[in-house]
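Here the structure comes first, spelled out in structure tokens, and everything after it is commentary.
As a basis for the values below, the full set of heavy atoms in this structure was taken, side chains included, without hydrogen atoms, waters or symmetry mates. Because the structure is a prediction, the values reported are computed rather than measured. Labels below follow one simple rule: chain letters A, B, ... track the order of the sequence lines, proteins then strands, and each chain is numbered from 1.
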Amino acid sequence: MIPALTLLLLCQLAGEVIARLLSLPLPGPVIGLVLLAVGLTIRGKVPDNVRAVATGILRNLALMFVPASVGIITQTHVLAANGLALTVSLIVSTIVTMAVTAFVFRWATMRANPGHDAGGDPRGEKEAG
Amino acid sequence: MANVEKLWVYLAETPLLWLAITLTAYTFADWISSLAKRHPLVNPIVIATGLIIAALSVSHTDYKTYFGGAQFVHFMLGPATVALAIPLVDNLSQIRRSVIPISLALVAGSATAILSAVGTAWLFGAPHNLLMSLAPKSVTTPIAMGLSETLGGIPSLTAVLVVATGIFGAITVTPLMNLMRINDPAARGFAVGLTSHGMGTARAFQVNALAGTFAGLAMGLNGLMTALLAPLLAGLF
């Protein structure tokens with residue numbers, strides 16, 4: 001567990017160092033993510049201990065959102081003053097983004113495989129979701 | 001009574017109390033969520049946050065004191081972001097097969113997420129730091145908070161907006177995709193993962209394993225794409 005956690009922290013550290021030295025607009029952990037992904041791809045296999053620790057952390061990802069979310073108590077004045085703008089913006093943006101993404105994905109899939117229906121059958125009524 | 005006061009002075013000074021309360025609230029919230037069979041409306045983050053805010057207000061504790069304890073949990077967001085490399089690597093063969101739809105939907109979706117959120121709030125005349133807080137709202141919290149800070153937003157407000165986007169997307173994906181008659185699980189999953197990060201991904205896995213895989217992929221890729229696009233696009237406002 002400790003070697004795997006050390007690997008994650010070293011990737012993050014390397015990411016922070018690179019971001020600062022090169023003044024990149026990317027957060028350090030994102031660069032760390034890329035470094036680890038490249039390293040694992042070159043190695044060709046995810047070591048079992050790294051997989052175990054990563055899975056354990058990601059399974060409880062929701063926990064790590066909690067302290068930041070409690071930070072809402074420091075933002076009540078901002079929310080009170082701009083509640084309508086924020087609410088409308090979130091609703092519009094979430095729906096439009098989901099629709100555009102799914103639409104482009106389906107369009108590109110159908111263009112890449114002409115004649116192969118990617119599930120966009122207008123009569124398709126069977127629905128699992 | 002003097003002992004009780006001494007005890008409170010001790011507890012108020014160590015990170016132990018609020019760290020323990022954070023973990024307890026989360027454990028309880030996660031239990032409630034599993035009882036509700038992971039219904040999208042019964043969100044463990046929302047429940048845990050509500051319980052902690054109640055404890056803070058009853059004990060007249062400010063956020064700075066709370067964060068003194070909770071920072072240890074918060075710190076794990078960094079390694080958690082790095083850990084997202086594992087599902088990304090796992091799905092590499094899937095990614096290679098759908099590289100064109102993934103790339104096009106990624107660029108279109110990521111730009112739409114940033115421009116539609118910032119643009120709508122801009123029309124309402126929201127101040128600049130609010131617009132910058134909204135720009136990264138579709139990506140997973142560790143990336144979103146880092147970006148918010150870089151852009152000149154308010155990271156803790158961004159965290160709240162990220163959670164709200166996650167919950168709203170997870171609730172609306174199924175009816176919206178049905179309405180659009182998009183039945184391909186890859187397209188459905190990719191859309192919800194891109195829009196609503198981890199919460200959307202969790203929702204997609206509840207419906208279909210392929211949808212979940214593409215949602216996780218979209219979450220990871222949009223984290224990177226937004227980190228590249230947000231500084232450019234948000235600069236327009």
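In this structure, the portion of B:Leu56 lying under 4.5 Å from any heavy atom of chain A is its side chain and not its backbone. For A:Val100, the part lying near chain B is the side chain, with the backbone staying farther off; criterion is any non-hydrogen pair under 4.5 Å. Of the two parts of A:Thr74, only the side chain, counted from C-beta on, holds a non-hydrogen atom closer than 4.5 Å to a non-hydrogen atom of chain B. If you measure heavy-atom distances from A:Val34 to chain B, the contacts under 4.5 Å come from the side chain alone. Within the 4.5 angstrom heavy-atom criterion, atoms from both the backbone and the side chain of A:Leu63 approach chain B. The contact between A:Val46 and chain B is made entirely by side chain atoms (from C-beta outward), counting heavy-atom distances below 4.5 Å. For chain B, the nearby part of A:Ile57 is the side chain; its heavy atoms alone come within less than 4.5 Å.
Closest approach of A:Phe103 to B:Ile182, counting heavy atoms only: N-CD1, 3.9 Å. Minimum heavy-atom separation, B:Leu161 to A:Leu86: CD2-CD2, 4.1 Å. A pairwise comparison of heavy atoms in A:Met98 and B:Thr172 identifies CE-OG1, 3.5 Å as the closest pair. Across all non-hydrogen atoms, the minimal contact from B:Arg181 to A:Arg106 is O-NH1, 3.2 Å.
The aromatic rings of A:Phe105 and B:Phe214 sit perpendicular, their planes meeting at an angle over 60°, well past the 30° parallel limit.
Each of A:Val50, A:Val53, A:Ile91 has some count of heavy-atom pairs under 4.5 Å with chain B, and the biggest count is that of A:Ile91. Here A:Leu36 is the residue among A:Leu36, A:Leu5, A:Leu7 with the most heavy-atom pairs under 4.5 Å with chain B.
The shortest side-chain heavy-atom distance between A:Ser93 and B:Thr120 does not fall under the 4.5 Å cut-off. By the 4.5 Å heavy-atom criterion applied to side chains, B:Leu130 and A:Val78 are counted as neighbours.
Using modelled atom types, one side-chain atom of A:Ser89 and one backbone atom of B:Ala117 make a donor-acceptor pair closer than 3.5 Å.
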